[in-house]
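Every chain is numbered from 1, with letters handed out A, B, ... down the list of sequences.
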Amino acid sequence: MNDRPHICVELLSNPAYLSGARELISSVCKRLGFDDLTCSKVALAVDEALCNVIRHGYKYAEDRPIWIRLWPLFDAEHRPDGVKLVIEDEAEQVDPETMKGRDLDDIKPGGLGVHIIRDVMDEVCYERREKVGMRLTMIKRVPRCCTPMRLSDRARVKRGAGDCDG
Amino acid sequence: MADEVVRVDRDGSDTVVISPLGDVDMSCSPTLRTTMREQLDARPRRLIVNLDQVGYMDSSGLATLVEAMRTAKRHGTRVVLCGMNEKVRAIFEIARLHQFFTIVESLAEARES
């Protein structure tokens with residue numbers, strides 16, 4: 001991934017900062033043309049991803065780093081097309097194939113985070129980072145009915161930037 | 001996070017109303033979980049969870065409510081959720097839990113249920 005992110009945030013793995021991350025993502029998505037409910041759902045997906053890092057990756061340690069990067073996406077006609085989000089950590093690496101939501105017919109507490117992420121986002125990709133930690137890449141497309149955003153033409157990232165190959 | 005995360009009110013002798021105040025996420029779900037356990041230990045006939053002050057809920061909040069619902073069933077307590085905004089309702093629908101819970105629009109409706 002060669003394009004510079006429009007937003008890059010490093011936060012510690014403390015649940016107290018989840019609300020700030022949600023507000024940031026929701027506000028930016030609003031400017032990118034998403035409707036209010038979709039903004040909230042994208043923020044939910046990010047929240048769930050951060051919670052999974054804190055809970056499973058860092059075992060509730062509150063002083064470990066998490067990075068959130070964001071790119072707006074544009075289609076071939078330079079129309080606003082969505083958002084790409086990448087969340088990275090330094091937690092123990094796991095097999096990306098194991099990152100699946102549980103069976104929803106089994107009503108029990110917990111285990112819903114990955115299901116929610118995959119339900120909300122259009123593209124989801126878990127992978128190991130090069131040396132340490134995991135990377136989650138998520139893409140959400142703007143429905144064509146939504147209002148176009150107001151960003152400068154120079155700040156465009158083309159639709160193909162959503163690949164999960166780093 | 002606000003000092004008061006959850007408010008507890010009693011309607012007569014057999015109904016408890018639990019009202020989370022603000023976002024229900026990983027940082028405050030443990031407080032909600034503890035409050036619900038304490039109230040369910042008293043085995044009220046009905047427990048109402050009033051969500052009209054909740055702007056946001058994540059899966060930790062859902063897990064807390066599912067756990068409470070399971071305990072309530074064992075205790076013979078009826079659980080009713082009310083006051084959900086569309087963003088909170090969305091997560092119940094994504095997790096397909098909107099059919100698992102009894103959900104009504106308002107607190108008044110919950111009291112009559």
Side chains of Asp23(B) and Arg22(A) in contact at under 4.5 Å (non-hydrogen atoms):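 Heavy-atom side-chain distance check passes, below 4.5 Å.
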Mind checking whether Leu112(A) and Ile91(B) have side chains closer than 4.5 Å, heavy atoms only?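 The answer is no, as the side chains (C-beta and beyond) never meet within the 4.5 Å cut-off.
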Would you kindly confirm whether [X] and [Y] end up in one hydrophobic cluster when ILVMFWY residues are joined by side chain heavy atoms under 4.5 Å apart?
{"X": "Leu97(B)", "Y": "Leu37(A)", "value": "no"}
{"X": "Leu47(B)", "Y": "Leu107(B)", "value": "no"}
{"X": "Val80(B)", "Y": "Leu51(B)", "value": "no"}
{"X": "Val5(B)", "Y": "Val16(B)", "value": "yes"}
{"X": "Val8(B)", "Y": "Val79(B)", "value": "yes"}

So which residue, Val120(A), Asp36(A), Asp119(A), ends up with the most heavy-atom pairs under 4.5 Å with chain B? Asp119(A)
Tell me the closest heavy-atom pair linking Ser27(B) and Ala16(A), and the distance in Å.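 For Ser27(B) and Ala16(A), the tightest heavy-atom pair comes out as CB-N, 4.2 Å.
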Interatomic spacing from [atom1] in [X] to [atom2] in [Y] - rounded to 0.5 Å:
{"X": "Ile94(B)", "Y": "Ile116(A)", "atom1": "CD1", "atom2": "CD1", "result": "6.0 Å"}
{"X": "Asn52(A)", "Y": "Ser59(B)", "atom1": "CG", "atom2": "OG", "result": "7.0 Å"}
{"X": "Arg96(B)", "Y": "His115(A)", "atom1": "CZ", "atom2": "NE2", "result": "5.5 Å"}
{"X": "Lys87(B)", "Y": "Cys39(A)", "atom1": "NZ", "atom2": "SG", "result": "8.0 Å"}

Applying side-chain contact (heavy atoms from CB on, under 4.5 Å) to Cys51(A) and Asp58(B), what does each step give before you reach the verdict? CA-CA 9 Å; Cys51(A) 286; Asp58(B) 71 7; 3.8 Å; yes
Quick one: what part of Met57(B) sits under 4.5 Å from any heavy atom of chain A, side chain, backbone, both or neither?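 The backbone, not the side chain.
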For chain B, which residues of residues 53-68 of chain A have at least one non-hydrogen atom nearer than 4.5 Å to it?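 Residues Ile54(A), Arg55(A), Tyr60(A) are the ones that qualify, each having a heavy atom under 4.5 Å from chain B.
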Within a 6.0 Å radius of atom CD on Glu105(B), are there more than 12 heavy atoms belonging to other residues, nucleotides or ligands? no
May I ask you to check whether over 12 heavy atoms, not counting those of Tyr17(A), lie within 6.0 Å of atom OH?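 Open: at most 12 neighbouring heavy atoms sit under 6.0 Å from OH of Tyr17(A).
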